2 protein chains.
Amino acid sequence: MSDNNMFSPVENREPLSKVIALQIERAILTKQFLPGSKIPSEFELCEQFSVSRTSVREAIQTLTAQGLLTVIKGKGIYVNDISIESVVDPLHKYLTLKLEREYVLDIVHARQIIEPGIAYYAALNHTDEDLVQLRNDIKGLEDCEGGYSELAKLDTSFHMHLAKASRNYVMPLLLEPIHRLNPDFKSFVYATVGEAKEMAVIWHKKIIDAVIDRDAEKARETMQEHLKIAEKHAEMMLAAANKEKL
Amino acid sequence: MSDNNMFSPVENREPLSKVIALQIERAILTKQFLPGSKIPSEFELCEQFSVSRTSVREAIQTLTAQGLLTVIKGKGIYVNDISIESVVDPLHKYLTLKLEREYVLDIVHARQIIEPGIAYYAALNHTDEDLVQLRNDIKGLEDCEGGYSELAKLDTSFHMHLAKASRNYVMPLLLEPIHRLNPDFKSFVYATVGEAKEMAVIWHKKIIDAVIDRDAEKARETMQEHLKIAEKHAEMMLAAANKEKL
DNA sequence: GAACATATTGTTGTCTGACATAAAATTACT
DNA sequence: AGTAATTTTATGTCAGACAACAATATGTTC
């Protein structure tokens, strides 16, 4: 590849829009543009970068897709306070695209691997505020008069709050896509398994008791048993669904 | 909201580019467009959607930013085989922006939550083939003459294979972003902590022994201890890195 | 002077047409 | 047949225009 030319070939220039997107991203990541604030309008950016509006707009489009910006028609372009959506969404997309066959049981099994550990550390690291939220979730589940999807949502909420209580900043990001992978699946469980709600309340209470006692081992074991039952419920649901098909 | 108008007001229309992007995304997620394949050119998409090239291009831009498409000038638009990068990138961005401090320790803590569970189920569900791979990884680490990054890679390989051995199809997908998040971090550990390699070999062996015995509890506990040490090493590495800065 | 309706301005969304540039396909020439 | 030149196809960028929305300024009425 080495040659004796005096001049090296002009580097394969990146598209302008990419270059611009990168510069704006830098400005955001280095906090020259603060979350919530408005950044210069498209026209001003055109002038600053000396490019056409097309290129600026495509750059903005890119950053919007990455969750860094929000564009409001007629108002302007604003820097987002980066949300967990920007992480959860890609992971969710990744999982749906990567998982081929029926994955209902895989999800339960994944939870069996992850969530006992979460319960363990939630018992050790939780705050009073966490307890308030967890108690709220249980009470909501207990009092819930709504439909099955409502029940499913409250159930999920408990597990997500527990992940938050573990005081690990990465776990909620991993757990949410997993719970989000089945918007309907849990509802079906509640619909087909009569005892599901009562069991959920009972076990969630057992878990929170262990957490309150800061008994990490017990919290883990309880969660493990809880998810063993969840697995059984999932199997019952699948069996019922199959029977219905025939 | 009910009114007696004959016509309901035109719904607050989403930007065309968003609508188009969503439709193409659907087509990809439902595998009407397969990874690696070429999708219709901008002009053809214009016709199919009956919109201008501008709108199509902005939609493409969005999907490219999300990692679903790759555009090659003069050739066309191709569907990506969605890569782990599209997950790691947002995760990395989120953590750097959200957590003020180093997130190295958060990663280790997340592993402490996840990986003991993986070891537990790997002990129960592994096959002979898994054992071959795991032994290979350990041997590779032991014999490794290469640099620190080589060591780090072999170390990671062991943990990924263990996740695979758990026979859960979701776990490797979740674990990979975490391990991928620090291509350099582990290398630094090996570089700054002298005993790191020997310790890794010793503990990996302990873990695989428990796995071979199908002693799930022991496998979990061993992994827990292993990651406690990993945490210590990470702290040492951070301390060394800070000292160097001063 | 205050309240409301109207006009103006600034901003993003979309369209059209044009040319530049890269890659692939075709044609022409040896 | 093999290679070089040309044409075609496709993306990248530009410019100008108008529509749609939001905020501001202006004017009118009481």
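Lettering follows sequence order; numbering is per chain, from 1. What you see is a predicted model; the values in this text were computed from it and never measured.
Considering only side-chain N and O atoms, A:T54 lies nowhere under 4.0 angstrom from the phosphate OP1 or OP2 of D:dG12. Under 4.0 angstrom from either OP1 or OP2 of C:dT14 there lies at least one side-chain N or O belonging to B:S17. For the pair B:R57 and D:dG12, the criterion of a side-chain N or O lying under 4.0 Å from OP1 or OP2 is met.
The side chain to side chain contact (heavy atoms under 4.5 Å, CB included) test applied to A:I84 returns A:V88, A:L173, A:E176, B:Y94, not counting sequence neighbours. Scanning for side chain to side chain contact (heavy atoms under 4.5 Å, CB included) contacts around A:V51 gives A:L16, A:I20, A:F49, A:S55, A:V56, with sequence neighbours left out. Judged as a side chain to side chain contact (heavy atoms under 4.5 Å, CB included), and not counting sequence neighbours, the contacts of B:A110 are A:N168, A:V170, A:M171, B:I178. For B:Q32, the side chain to side chain contact (heavy atoms under 4.5 Å, CB included) partners two or more places apart in sequence, or in a different chain, are B:A27, B:T30.
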Walk me through whether A:H161 and A:D137 qualify under side-chain hydrogen bond (donor to acceptor under 3.5 Å, both in side chains).
CA-CA 9 Å; A:H161 277 139; A:D137 291 329; 2.6 Å; yes
For A:E44 and A:S41: C-alpha separation, side-chain torsions, deciding distance, then whether side-chain hydrogen bond (donor to acceptor under 3.5 Å, both in side chains) applies.
CA-CA 5 Å; A:E44 291 177 84; A:S41 73; 3.3 Å; yes
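Donor-acceptor pairing under 3.5 Å, judged by distance alone, is absent between the side chain of A:R53 and the base of D:dG16.
Of all nucleotides listed (D:dC14, C:dC15, D:dT13), C:dC15 comes nearest to the side chain of B:S52.
As rounded to whole Å, 10 Å separates atom P of D:dC14 from atom CD of A:E58. Put simply, NZ on B:K18 is 15 Å from C1' on C:dT14, counting in whole angstrom units. Following rounding to the nearest Å, A:E14 (CD) and C:dA22 (P) show an atom-to-atom distance of 13 Å.
For the segment residues 63-80 of chain B, residues with any heavy atom less than 4.0 angstrom from an atom of DNA chain D are, sorted by number, B:V71, B:I72, B:K73, B:G74, B:K75, B:G76, B:I77. Taking every heavy atom of residues 33-48 of chain B and every atom of DNA chain D, pairs under 4.0 Å involve B:S41, B:E42, B:F43, by number.
Within 6.0 Å of NZ in A:K98 there are more than 12 heavy atoms belonging to other residues, nucleotides or ligands. Other residues, nucleotides and ligands contribute at most 12 non-hydrogen atoms within 6.0 Å of the NZ atom of A:K153.
Ring pair A:H159/A:H204 is perpendicular by interplanar angle, where above 60° counts as perpendicular and below 30° as parallel.
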